[in-house]
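One structure below.
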Amino acid sequence: MDAAVSTHQVVILDDHATIAAGIGALVDAIPEFEVQGVFQSVADLNAQFEIAVPDVLIMDLQLGDESVTSEIRELTYRHPQLAILVFTLLDSRNYVHDAIAFGALGFLSKVSTHEQLVDALRAIMQGNHFFGAELGASVVNIDDEAIPVNLLSVRELDVLKRLALGFSPKEIGFELGLSDKTIHAHKNTIRQKLGLRRQSDIIRAAFSAGVVNVRDLVG
């Protein structure tokens with residue numbers, strides 16, 4: 001390898017050994033990237049991170065029967081410089097939104113081309129988001145700028161923040177000195193104004209509004 005080329009360290013989280021090996025071979029073929037390890041469980045990955053944290057994590061969203069999407073939030077909190085690229089067959093809009101809301105920078109389907117993988121890795125190393133072209137409409141309105149948070153009142157932003165943090169309407173009402181009925185009304189208004197359906201959408205909107213960050217969400 002040319003000594004002038006800066007090498008970025010990569011680890012892979014995927015419980016399919018053959019697929020992981022294939023991903024590793026593709027990554028090692030890119031001059032500025034080098035695979036440091038392949039892991040089949042979050043526990044093994046975290047153990048490695050106690051020793052050394054790579055520049056990039058390429059991860060699937062499901063290991064066996066277990067979804068590990070929420071692990072993205074914990075990883076980006078504990079290792080803020082880590083760039084995460086999701087590489088999975090679970091490529092619906094909901095999965096994309098969840099992954100990005102929790103802190104992943106890139107999202108590729110496992111049917112992506114080698115060229116897309118190269119482009120994705122280079123993009124996220126520059127701090128940019130990258131989505132595979134094959135996702136099509138799955139990433140419509142994924143950018144935070146597409147969420148019209150400016151439509152919310154100050155009170156609605158207060159409620160949005162607490163909803164993103166997982167508080168119940170009763171808890172929010174107690175903290176803000178309002179009734180449960182009023183909080184439910186605010187929640188419905190927020191959803192209608194911003195077009196939100198899932199908890200991950202609420203989290204993403206709260207990020208966009210700047211009322212929460214990863215540290216708040218992990219606590």
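Along the sequence shown, residues are numbered consecutively beginning with 1. Just so it is clear, the values below take in all heavy atoms, side chains as well, and ignore hydrogens, waters and symmetry mates.
Screening residues 179-203 for ring pair (Phe, Tyr, Trp, His ring centres under 6.0 Å) gives no qualifying pairs among residues at least two apart or on separate chains.
Closest of all the heavy-atom pairs between G106 and L85 is C-CD1, 3.5 Å. The minimum heavy-atom distance between P148 and L194, with the atom names listed, is O-CD2, 3.2 Å. When all heavy atoms are compared, the tightest approach of F87 to S109 is CE1-O, 3.5 Å. Closest approach of I72 and A104 over heavy atoms only: CG2-N, 3.6 Å.
At least one donor-acceptor pair under 3.5 Å links the side chain of D28 to the backbone N or O of V35. The backbone N or O of A185 lies less than 3.5 Å from a partner atom in the side chain of T189, making a donor-acceptor pair.
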Listed pairs under 3.5 Å, donor-acceptor, residues 117-127 side chains, sequence neighbours left out:
| unit_1 | atom_1 | unit_2 | atom_2 | d |
| --- | --- | --- | --- | --- |
| R122 | NE | E32 | OE2 | 2.5 |
| R122 | NH2 | E32 | OE1 | 3.3 |
| R122 | NH2 | E32 | OE2 | 3.3 |

List the atom pairs, with distances to 0.1 Å, where a side-chain N or O of residues 163-172 and a protein N or O form a donor-acceptor pair under 3.5 Å, not counting sequence neighbours.
| unit_1 | atom_1 | unit_2 | atom_2 | d |
| --- | --- | --- | --- | --- |
| S168 | OG | E171 | N | 3.2 |
| S168 | OG | E171 | OE1 | 3.4 |
| E171 | OE1 | S168 | N | 2.9 |

Listed pairs under 3.5 Å, donor-acceptor, residues 46-59 side chains, sequence neighbours left out:
| unit_1 | atom_1 | unit_2 | atom_2 | d |
| --- | --- | --- | --- | --- |
| N46 | OD1 | R78 | NH2 | 2.9 |
| N46 | ND2 | V42 | O | 3.4 |
| D55 | OD2 | Q9 | N | 2.7 |

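The only option from V68, L89, T88 that meets the side chain to side chain contact (heavy atoms under 4.5 Å, CB included) definition with D60 turns out to be T88.
By the 4.5 Å heavy-atom criterion applied to side chains, K193 and E156 are counted as neighbours. Within the 4.5 Å cutoff, side-chain heavy atoms of E34 are placed close to those of Q36. Inter-residue side-chain proximity for S41 and D15 is flagged as unmet; no heavy-atom pair is nearer than 4.5 Å. Contact annotation: the side chain of L176 approaches that of R162 to within less than 4.5 Å [non-hydrogen atoms, C-beta and beyond]. Counting heavy atoms from C-beta outward, L105 and I84 have side chains that stay 4.5 Å or more apart. Within the 4.5 Å cutoff, no side-chain heavy atoms of F33 are placed close to those of T7.
Atom OG of S70 is separated from atom CG of L75 by 9.5 Å, given to the nearest 0.5 angstrom. The CG atom of L157 sits 10.0 Å away from the CG atom of N150 when rounded to the nearest 0.5 Å. A distance of 10.5 Å separates CZ in F102 from CG in L61, rounded to the nearest 0.5 Å. With rounding to the nearest 0.5 Å, the separation of CD1 in I202 from CD1 in I190 is 8.0 Å. Between F107 atom CZ and F130 atom CZ the span is 13.0 Å, to the nearest 0.5 Å.
Residues passing the side-chain contact (heavy atoms from CB on, under 4.5 Å) test with S179 are K181, T182, sequence neighbours excluded. Here A20 pairs with I12, D14, V38 under the side-chain contact (heavy atoms from CB on, under 4.5 Å) rule; sequence neighbours left out.
The environment of H114 atom NE2 is dense: over 12 non-hydrogen atoms of other residues, nucleotides or ligands sit within 6.0 angstrom.
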Start with the C-alpha distance between L178 and R155, add both sets of side-chain angles, then the distance that settles side chain to side chain contact (heavy atoms under 4.5 Å, CB included), and finish with yes or no.
-> CA-CA 11 Å; L178 300 171; R155 176 61 77 195; 3.9 Å; yes
